Amino acid sequence: MTEQITDLERCWFLSPPWGQAIPPVEVNLFEKVYIRSYQTFGYCCGVQWYQESWDYAVDIKKDIIYTTKHQLIGTGHIQPSTLTKPAFVLGERVMLQFCARGTKQRLILGIELIEKSWFYLVELASPSFSPPSTMTNRFSLVREEDLVRVNV
């Protein structure tokens, strides 16, 4: 029975929530965007899969807001940056270095720039049929140093 649970868990973490083909993002990281609801411009500093679509983190004058594609208009202008590009891409298979039980492999479900460092959204726990444990959020942003690329 334990082996079946481990297999189910492995399949869960490696099955993309968006299905077989990764949906395209509306804007790129560092792209200047217009946000309709705020009637202002900002720069995309992150994207993550959330409730069946991509959510975007936009830096507006040192404040980060999260919005959907329906509120964004991309300009096509990329902000010049001296930062290195993210080490991992959306949908990439990685291993968590600190995972103690079950499978360590996960998919990158989001990328966000926080304080000049890249963080990656991964699912830490699969949904459970039993009452929730002390973990209130199944997803977490983890540092690049906590991940290892899986060669498939």
Side-chain angles (χ1 to χ4, degrees), residues 9-127 132-152:
E9 188 176 58
R10 182 180 302 110
C11 290
W12 176 265
F13 289 125
L14 297 179
S15 297
W18 47 75
Q20 294 301 315
I22 186 169
V25 293
E26 295 295 316
V27 296
N28 295 307
L29 292 173
F30 297 123
E31 183 174 345
K32 186 175 185 177
V33 296
Y34 180 75
I35 303 168
R36 294 176 179 154
S37 55
Y38 285 77
Q39 297 181 346
T40 190
F41 288 92
Y43 286 94
C44 179
C45 62
V47 61
Q48 65 184 15
W49 188 256
Y50 181 72
Q51 294 184 351
E52 305 302 318
S53 66
W54 293 118
D55 248 11
Y56 300 88
V58 180
D59 185 348
I60 302 176
K61 300 175 187 159
K62 305 296 181 200
D63 192 20
I64 305 294
I65 63 145
Y66 295 87
T67 187
T68 65
K69 68 180 181 180
H70 305 293
Q71 291 297 318
L72 294 177
I73 298 174
T75 65
H77 298 305
I78 304 296
Q79 177 185 32
S81 176
T82 58
L83 295 172
T84 58
K85 291 183 179 180
F88 303 100
V89 297
L90 295 172
E92 186 170 2
R93 190 183 291 197
V94 294
M95 299 239 333
L96 287 170
Q97 297 216 43
F98 57 82
C99 188
R101 63 177 272 298
T103 182
K104 294 181 178 187
Q105 290 192 34
R106 303 290 193 277
L107 293 178
I108 299 290
L109 302 176
I111 300 171
E112 190 167 342
L113 183 64
I114 302 172
E115 298 292 326
K116 299 185 181 183
S117 295
W118 291 110
F119 285 80
Y120 303 89
L121 184 74
V122 296
E123 194 168 10
L124 292 183
S126 58
S133 65
T134 58
M135 183 179 290
T136 58
N137 194 353
R138 294 186 358 237
F139 302 92
S140 181
L141 288 170
V142 297
R143 302 172 310 145
E144 186 175 306
E145 297 81 18
D146 295 326
L147 301 173
V148 176
R149 182 170 278 106
V150 173
N151 296 320
V152 287

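The figures that follow rest on heavy atoms only: side chains count, while hydrogens, waters and symmetry mates do not. These numbers come from a predicted model, not from an experiment.
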Pair listing, ring-ring contact (aromatic ring centres under 6.0 Å, His included) test, anchored in residues 60-81, at least two apart: none
Looking only at heavy atoms, which two atoms of [X] and [Y] are closest? And how far apart?
| X | Y | result |
| --- | --- | --- |
| Val150 | Gln105 | CG1-OE1, 4.0 Å |
| Leu83 | Ser81 | N-OG, 3.0 Å |
| Phe139 | Leu121 | CB-CD1, 3.8 Å |

Non-hydrogen side-chain atoms of [X] and [Y] separated by less than 4.5 Å:
| X | Y | answer |
| --- | --- | --- |
| Thr75 | Val33 | no |
| Val27 | Val58 | no |
| Leu29 | Leu113 | no |
| Ile22 | Pro16 | no |

So, taking the atom named [atom1] in [X] and the one named [atom2] in [Y], what distance separates them when rounded to the nearest 0.5 Å?
| X | Y | atom1 | atom2 | value |
| --- | --- | --- | --- | --- |
| Leu124 | Arg106 | CG | CZ | 6.5 Å |
| Met95 | Leu147 | CE | CG | 10.5 Å |
| Tyr56 | Ile64 | OH | CD1 | 16.0 Å |
| Leu72 | Thr67 | CG | OG1 | 5.0 Å |
| Leu109 | Glu123 | CG | CD | 6.5 Å |

Residue list, ring-ring contact (aromatic ring centres under 6.0 Å, His included) with Phe30, at least two apart or on another chain: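 With sequence neighbours excluded, Phe30 shows a ring-ring contact (aromatic ring centres under 6.0 Å, His included) to Trp118, given in chain and number order.
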Quick one: list whatever passes ring-ring contact (aromatic ring centres under 6.0 Å, His included) with Tyr120, sequence neighbours left out. Phe88
Which pairs of donor and acceptor atoms, one on a side chain in residues 44-55, lie under 3.5 Å apart (sequence neighbours left out)?
unit_1	atom_1	unit_2	atom_2	d
Trp54	NE1	Pro23	O	3.0

Does any pair with a residue in residues 32-47 pass side-chain hydrogen bond (donor to acceptor under 3.5 Å, both in side chains), and if so which ones, sequence neighbours excluded? Ser37-Gln71
Could I get the full list of side-chain contact (heavy atoms from CB on, under 4.5 Å) partners for Ile114, not counting sequence neighbours?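 Ile114 satisfies side-chain contact (heavy atoms from CB on, under 4.5 Å) with Glu112, Phe119, Leu141 once adjacent residues are dropped.
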Test log, rule side chain to side chain contact (heavy atoms under 4.5 Å, CB included), inputs Ile111 and Leu90: CA-CA 7 Å; Ile111 300 171; Leu90 295 172; 4.0 Å; yes
Polar side-chain atom of Glu144 near backbone of Pro86 as donor-acceptor pair, under 3.5 Å: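 It does not hold such a pair.
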Check: Val142 main-chain N/O paired with Ser140 side-chain donor or acceptor under 3.5 Å: no
Who pairs with Asp146 by salt bridge (Lys or Arg N to Asp or Glu O under 4.0 Å), at least two apart in sequence or on another chain?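 For Asp146, the residues satisfying salt bridge (Lys or Arg N to Asp or Glu O under 4.0 Å) (neighbours in sequence not counted) are Arg143.
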Please list all pairs passing the salt bridge (Lys or Arg N to Asp or Glu O under 4.0 Å) test where one or both residues lie in residues 74-92, with sequence neighbours left out.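 Qualifying pairs: Glu92-Arg149.
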